[in-house]
Amino acid sequence: GDSVTQMEGPVTLSEEAFLTINCTYTATGYPSLFWYVQYPGEGLQLLLKATKADDKGSNKGFEATYRKETTSFHLEKGSVQVSDSAVYFCALYIGGSYIPTFGRGTSLIVHP
Amino acid sequence: EPEVTQTPSHQVTQMGQEVILRCVPISNHLYFYWYRQILGQKVEFLVSFYNNEISEKSEIFDDQFSVERPDGSNFTLKIRSTKLEDSAMYFCASSENARNQPQHFGDGTRLSIL
């Protein structure tokens with residue numbers, strides 16, 4: 001079945017460090033890929049998305065590129081802030097589905 | 001920006017009791033969803049709802065669960081006889097349409113079963 005694998009957390013960084021959170025997927029078709037962010041005490045918010053191979057999604061300084069050859073959608077940010085501390089979820093929608101498959105989430109902790 | 005609202009933010013219930021979690025989806029959205037997130041685990045799909053009926057449900061969504069849209073704005077999840085393992089965050093979501101569209105999530109209700 002379809003699945004999403006994310007790197008284990010927590011990821012702990014100092015402010016202004018470079019961030020990478022790995023996400024790989026397995027899918028029987030051609031999924032759309034998403035990153036959601038969950039700030040403490042809040043629900044999930046869509047961070048960025050990409051709907052086809054080689055698309056790059058970007059928002060708030062974060063970006064991720066849909067790599068079909070490596071079945072990956074790694075999240076990156078050049079300079080993290082304390083306010084970026086949250087849990088990040090990679091997700092995919094396959095075909096015409098409206099039910100996303102989520103990864104387990106990766107906690108990011110940014111220290112001043 | 002319109003948002004999905006959920007009440008209560010935290011519900012504490014005795015095992016075996018019924019509980020109703022409430023959600024107000026975004027007003028022009030047509031598709032509604034419930035998800036569950038057990039502490040430290042992934043977000044799990046429970047059920048989707050469209051046109052006043054369940055359109056898809058997971059194996060988690062057994063006979064103890066039911067959903068309802070009692071009026072034009074609320075969307076509820078009922079658990080008839082709660083078990084300890086029902087303790088989790090429950091998220092409501094809605095989307096304007098289906099098919100690869102991102103969903104808008106509420107802040108969740110933390111359900112604690114004692």
Q.
Are A:Phe102 and B:Tyr35 packed together at the side-chain level, in the sense that at least one heavy-atom pair is separated by less than 4.5 angstrom?
A.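 Yes. Closest side-chain heavy atoms under 4.5 Å.
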
Q: Only counting residues at least two apart or in another chain, list the ones meeting side chain to side chain donor-acceptor pair (under 3.5 Å) with A:Glu42.
A: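 Scan of A:Glu42 (side chain to side chain donor-acceptor pair (under 3.5 Å), adjacent residues dropped) gives A:Gln45.
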
Is atom [atom1] of [X] surrounded by more than 12 heavy atoms (other residues, nucleotides or ligands) closer than 6.0 Å?
| X | atom1 | value |
| --- | --- | --- |
| A:Glu69 | CD | yes |
| B:Lys83 | NZ | yes |
| B:Lys42 | NZ | yes |

Q: Hydrophobic side-chain clustering at under 4.5 Å (ILVMFWY, transitive links): who's grouped with B:Phe49? Put none if nobody.
A: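 Members alongside B:Phe49: B:Met15, B:Val19, B:Leu21, B:Phe32, B:Trp34, B:Leu46, B:Val47, B:Ile54, B:Ile60, B:Phe61, B:Phe65, B:Val67, B:Phe75, B:Leu77, B:Ile79, B:Leu84, B:Tyr90, B:Leu111, B:Ile113.
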
Minimum-distance pair of heavy atoms, taken over all atoms of [X] and [Y]:
| X | Y | value |
| --- | --- | --- |
| A:Leu44 | B:Phe105 | O-CB, 3.2 Å |
| A:Phe89 | B:Val43 | CE2-CG2, 3.9 Å |
| B:Gln37 | A:Gln38 | OE1-NE2, 3.5 Å |
| B:Gln103 | A:Pro100 | NE2-CD, 3.5 Å |

